[in-house]
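Some notes on the structure that comes next.
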Amino acid sequence: MTEIRHWADVIAEDALNLHKNNIIATGITPSGHIHIGNMREVVTADAVYKALLKQAPDSETKFYYIADNYDPLRKVYPFLEESEYKEHVGKPLSEIPCPCGEHSSYSDHFLDPFLKSMNELGIHPEVLKIDELYKSGFFKDIIVLSLQKRDKIAQILHEASGRETDESWSPFNPVCEKCGKINSTIVNSFNADEYTVDYSCKCGYCGVASMIGGGKLTWRVEWPAKWALLGVTIEPFGKDHAASGGSYDTGIRIVREIFGKEPPIPVNYEWIMLGNKGAMSSSTGVVISIKDMLEVIPPEALRYLIIRTKPEKHIRFDPSVPLLNLVDEYERLRDKEDLTEYEKRIIDLSKSEGVEQSIIPFKQMVTIYQVARGDIDRIEKIANRSGFNESRKLTENLAENVKNWLERYAPPFAKFGVSDTIPVQAASLTDCQRAFLKSFADELLKHEEPSAEDVQKLIYETKDENSSIHKTMVEYFGKPINASAINPKDFFIAIYISLLGTPSGPKAGWFLTSFDVDFLVERFREAAEYKP
RNA sequence: GGGCCCAUAGCUCAGUCAGGCAGAGCGACUGGCUUUUAACCAGUCGGCCUAGGGUUCAAAUCCCUAUGGGCCCGCCA
């Protein structure tokens, strides 16, 4: 069997066989909440980027994130105020007011949180906002070239995609000076020396627009233009662009035949499905934003989800119990001693560069958090007692994740509440259970800091007639108890009833060590006496 | 109508590019305490690699075909 290699390393090697220096680009249109599916593109790119850096440390490697924020607003999305945004349909996203008023534009409203999330995931590309590129004149010469070769481009679009372009079609769409829209103008002529076009707009206005910030290339031309100008050698994109006759197909021909450059190596990736609700999609409303996601899942676990799966496979993302298992799987692998080369690589690529995260397992925090009832001081104390010594900030971050998970996605069986007072269910305890609780309390007092194993052992020792807990139990019970009639199960139930009011709970030994011994002793003694 | 991707253990998936003994994690089961308790440790079980053909000394892997699933082609990755 040949050595197993990670997909990112394979892609990087392919790229290095073609180019010494590689430029990887990715980007999205910030027209709505940027969801976890979009993150796949960025994490995929980041993985390949890291692989390139590792395989060719002496090459020049770049990673661009391009925000397509000059695209027009296509419609009034369900999350927008109809009355307020109707007039903005057709305008470039960067020129539309922010929905919340706190960002400089509509596109920044969605882009800013995404950039923050990327940062939390340890992804640090060079961010390019395409409106700024247009406004700086970055595209001006390629716009002229595109206008000059308009007929040839139209022919390519027709041949490769079957798309018909009419007389008024232009590779460059000016922004109307009067109505601000970019999708309703027709180019009548252009001036290559002045970098301007004459246009007329459906709103009735006719004017002159600059190729420097006065409009944009149409998407199918803009994409190859970006490849040509930035020298992009690798680009991940979703299958919508990958379809035959899709924009990658036409892009290949345009970049070669019009711009005289080679297209990037494509990295096709599949979509992320949300539970059983289908594909994530901004337009159908099946969406969990990255921000929402990072509020419940530690960043490295989210990276892990994407890193461990080959790009062409679906990822089914379910924030309830499967999320718990996903995080658990990542943490186990992270903490494992003897990793295979492949596992090591997975962990390497999943690590968020420059971002530290808690070493406390998520599942354990789920219990700690609930025992401490969210009190961070107590959480920290319990964590310390369990042998986790890390900065409070890290513990706090994880506690915050767990809090949100419990509130939003946790199934009932994962939740419990430690009552302040004796649960009324304690009334149902049998005399034998009460005797056990009293003697159990006595035994706990004998230990300074009982370990989980100590506790577990104590409960089982009740069956041993020579054990001290058995003897005190008999004493409290008032008459001999036949060892074979003792069922530790009843005692577990007594413990859970006393603390939670339910007959079951987290693994007892470990659960109990999350409490102060004094509290337990008091509670068990109280429960033993409790009569409604 | 045209095109893409996926199918391997109960579950999630590696392994397919470059053919060479069928793999991991989780779950389940057993033991660690004669007796489940959401932790931990050790071990065991578990597969006609979707089906049918072809190429080959040799196929999960390469080539056809079929079936099932997820999508794309009116710019949501």
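Values below: every heavy atom of this structure, side chains too, minus hydrogens, waters and symmetry copies. Proteins come first, then strands; the chains are lettered A, B, ... in the order of their sequence lines, and each starts at number 1. Remember, it's a predicted structure, so these values are computed and weren't measured experimentally.
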- Over how many whole Å does the gap from A:Ile272 atom CD1 to B:C71 atom C1' extend? 14 Å
- Note on the structure: Separation of B:G15 atom C1' from A:Arg345 atom CZ, nearest Å, is 18 Å
- Message: The criterion is salt bridge (charged side-chain N to carboxylate O under 4.0 Å, His left out); which residues satisfy it with A:Asp68, sequence neighbours excluded?
- Response: A:Lys226
- Message: Angle between ring planes, A:Phe79 versus A:Phe110, binned at 30° and 60°: parallel, tilted or perpendicular?
- Response: perpendicular
- Query: For B:C62, which nucleotide in any strand shown is its Watson-Crick or wobble partner with both distances under 3.5 Å?
  - Reply: B:G54
- According to the salt bridge (charged side-chain N to carboxylate O under 4.0 Å, His left out) rule, which pairs have a member within residues 320-331 of chain A, sequence neighbours left out? A:Arg308-A:Glu329, A:Asp328-A:Arg332, A:Asp328-A:Lys363
- Task: Would you mind reading off the distance between A:Leu333 atom CG and B:A24 atom C1', rounded to a whole angstrom?
- Result: 10 Å
- Assign each of A:Tyr496 and A:Phe237 the nucleotide of RNA chain B bearing its closest heavy atom; nearer the 5' end lies the nucleotide of A:Tyr496
- Query: Over how many whole Å does the gap from A:Ile368 atom CD1 to B:A38 atom P extend?
  - Reply: 17 Å
- Item | Between C1' of B:U36 and CG of A:Asp490, the distance in whole Å | 13 Å
- A:Phe515 versus A:Ile382: any side-chain heavy-atom pair under 4.5 Å? no
- Message: Please compare A:Glu270 and A:Asp68 by the position of their nearest nucleotide in RNA chain B and report the one closer to 5'.
- Response: A:Glu270
- Message: Looking only at the side chain of A:Trp219 (C-beta and beyond, no hydrogens), which of the listed nucleotides B:C75, B:C17, B:U37 gets closest?
- Response: B:C75
- Item | Close side-chain approach of A:Ile11 and A:Asp14, heavy atoms under 4.5 Å | no
- Message: Does A:Thr340 reach a base, just sugar-phosphate, or nothing at all? Heavy atoms under 4.0 Å.
- Response: nothing
- Message: In terms of relative ring orientation, are A:Tyr49 and A:Phe63 parallel, tilted or perpendicular, with 30° and 60° separating the classes?
- Response: tilted
- Would you mind building the protein contact string for nucleotides 39-46 of chain B? One character per nucleotide, 5' to 3', B for base within reach (heavy atoms under 4.0 Å), S for sugar-phosphate only, - for untouched. BS------
- Message: Using 30° and 60° as the class boundaries, would you call the ring planes of A:Phe511 and A:Phe416 parallel, tilted or perpendicular?
- Response: perpendicular
- Residues two or more places apart in sequence or in another chain: which of them pass ring-ring contact (aromatic ring centres under 6.0 Å, His included) with A:Phe524? A:Phe440
- Residues passing the side-chain hydrogen bond (donor to acceptor under 3.5 Å, both in side chains) test with A:Arg303, sequence neighbours excluded, are A:Asp46
- Query: Under a 3.5 Å cut-off for both distances, is B:U44 Watson-Crick or wobble paired, and to whom?
  - Reply: B:A28
Please tabulate the protein-to-nucleotide N/O contacts below 3.5 Å involving nucleotides 8-13 of chain B, giving atom names and distances.
residue, atom, partner, partner atom, Å
B:U12, O2', A:Arg308, NH2, 3.4

- Nearest to the side chain of A:Trp271, which nucleotide is it out of B:U37, B:C72, B:G70? B:C72
